[in-house]
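Notes follow the structure.
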There are 2 protein chains.
Amino acid sequence: MRIGELSERTGTPRRLLRYYEEQGLIVADRLPNGYRVYDGSNVDRVLQIRGLLDAGLPTRIIKQILPCLNKPRIIHFPDATPEMLATLEDERDRMTERIRCLTRNRDAVAEYLAAVRETPAPSV
Amino acid sequence: MRIGELSERTGTPRRLLRYYEEQGLIVADRLPNGYRVYDGSNVDRVLQIRGLLDAGLPTRIIKQILPCLNKPRIIHFPDATPEMLATLEDERDRMTERIRCLTRNRDAVAEYLAAVRETPAPSV
DNA sequence: CTTGACCCTCACACCAATGTGAGGGTTCGA
DNA sequence: TCGAACCCTCACATTGGTGTGAGGGTCAAG
């Protein structure tokens, strides 16, 4: 598929698909005329990228952790340098912290909403 | 306490404390000379704000959900307009989605790290 | 051959969060 | 009274993720 279809299938502006490529998050083959071509696996990949971005991770980090998540079972160890492993451990912990914080606050919001909903409309 | 102490106690640059105030996330009393003064509750508040920011929420949204989370039990309903409630429900769902995404990826990273660690160092 | 729907690169612009520093007050101890 | 260590406002700069558009190819259908 070309960029337009990938854009539609992922709900992502073309601009951003090009940006992700520029940042090294995805790769695209090229047709002889220069058009980018993608296969189905790119859909999932882009959705994952968007999820991570939305979750607050910068592309720099996403680029580092993506290789670890590609084929769930075919973990193909890159030149896992100690620094990279440290970065990953660090990021894993940051994610855990983020999850905790988000959960706490999400629950609080949910509780609030539940409380409001239980209250008869305060007619002025 | 004044801004310097709050900064130290929260690990947050003064610049940002002023910024959060400008964005309406925190309020500060003023001494006669114009200095900001804070009490202990502001420490937790700032930490919460930082957590939410780090989790990817913009100040605009944080400002909306903070009032719901102040005193866990003393839910003091603001003029909960229907739009605001809708925003909150929306944000709650987005947070849930974020949590799912983060968790999934965090687990994948953790798994990868565990796998790497189990492998004897590939001595070139 | 032309039109319309694609695609390309390049580049400027925006916004939110944050850095940084200039220019200038206050307070307090040496 | 001087200097250090605070504080203030103002304002420009930077970064990352985006929006947007100009200027220009490609290609299939009419």
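Letters A, B, ... mirror the listed sequences (proteins, then strands); counts begin at 1. Treat the numbers as computed from the prediction; the structure is a model and nothing was measured.
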Trace of the side chain to side chain donor-acceptor pair (under 3.5 Å) decision for A:R15 with A:Y20: CA-CA 9 Å; A:R15 169 72 172 89; A:Y20 299 154; over 6 Å; no
Is a salt bridge present between B:E21 and B:R30, judged by a nitrogen-to-oxygen distance below 4.0 Å? yes
Check whether more than 12 heavy atoms from other residues, nucleotides or ligands sit under 6.0 Å from atom CD of A:E89, and answer yes or no. yes
With sugar-phosphate meaning primed atoms plus P, OP1 and OP2, does B:L31 contact a base, only sugar-phosphate, or nothing at under 4.0 Å between heavy atoms? nothing
Would you mind reading off the distance between A:L52 atom CG and D:dG16 atom P, rounded to a whole angstrom? 17 Å
What is the distance, rounded to the nearest whole Å, between atom CZ of A:R14 and atom P of C:dT9? 14 Å
Between B:E5 and B:R9, is there a salt bridge with N-O shorter than 4.0 Å? yes
Between C1' of C:dG24 and OH of B:Y35, the distance in whole Å: 11 Å
Using whole Å, report how far CD of A:E22 lies from P of C:dA11. 12 Å
Quick check: do B:R36 and B:R2 have side-chain heavy atoms less than 4.5 Å from each other? no
Considering only heavy side-chain atoms of A:R2, the closest of C:dC7, D:dC6, C:dT9 is C:dC7
Audit row: B:E97, A:R106, salt bridge (Lys or Arg N to Asp or Glu O under 4.0 Å) steps and yes/no: CA-CA 11 Å; B:E97 184 47 42; A:R106 193 255 336 246; over 6 Å; no
I need the CD1-P distance between B:I3 and D:dA5, as an integer number of Å. 19 Å
Expressed as a whole number of angstroms, how long is the span from A:R18:CZ to C:dC7:C1'? 7 Å
Indicate whether OP1 or OP2 belonging to C:dC8 is found under 4.0 Å from a side-chain N or O atom of A:R36. yes
When you measure from the side-chain N and O atoms of A:N33 to the phosphate of D:dC27, is any distance below 4.0 Å, counting only OP1 and OP2? yes
Between B:I61 (CD1) and C:dC15 (C1'), how many Å, whole number? 15 Å
Just by distance, do the side chain of A:S7 and the backbone of A:I3 share a donor-acceptor pair under 3.5 Å? no
At under 4.0 Å between heavy atoms, which parts of nucleotides 16-21 of chain C does protein reach? Answer with one letter per nucleotide, 5' to 3': B base, S sugar-phosphate only, - none. SBBBB-
Can you check whether B:R30 has a side-chain N or O nearer than 4.0 Å to OP1 or OP2 of D:dT9? yes
Quickly work out the B:L6 CG to D:dC7 C1' distance and round it to whole Å. 14 Å
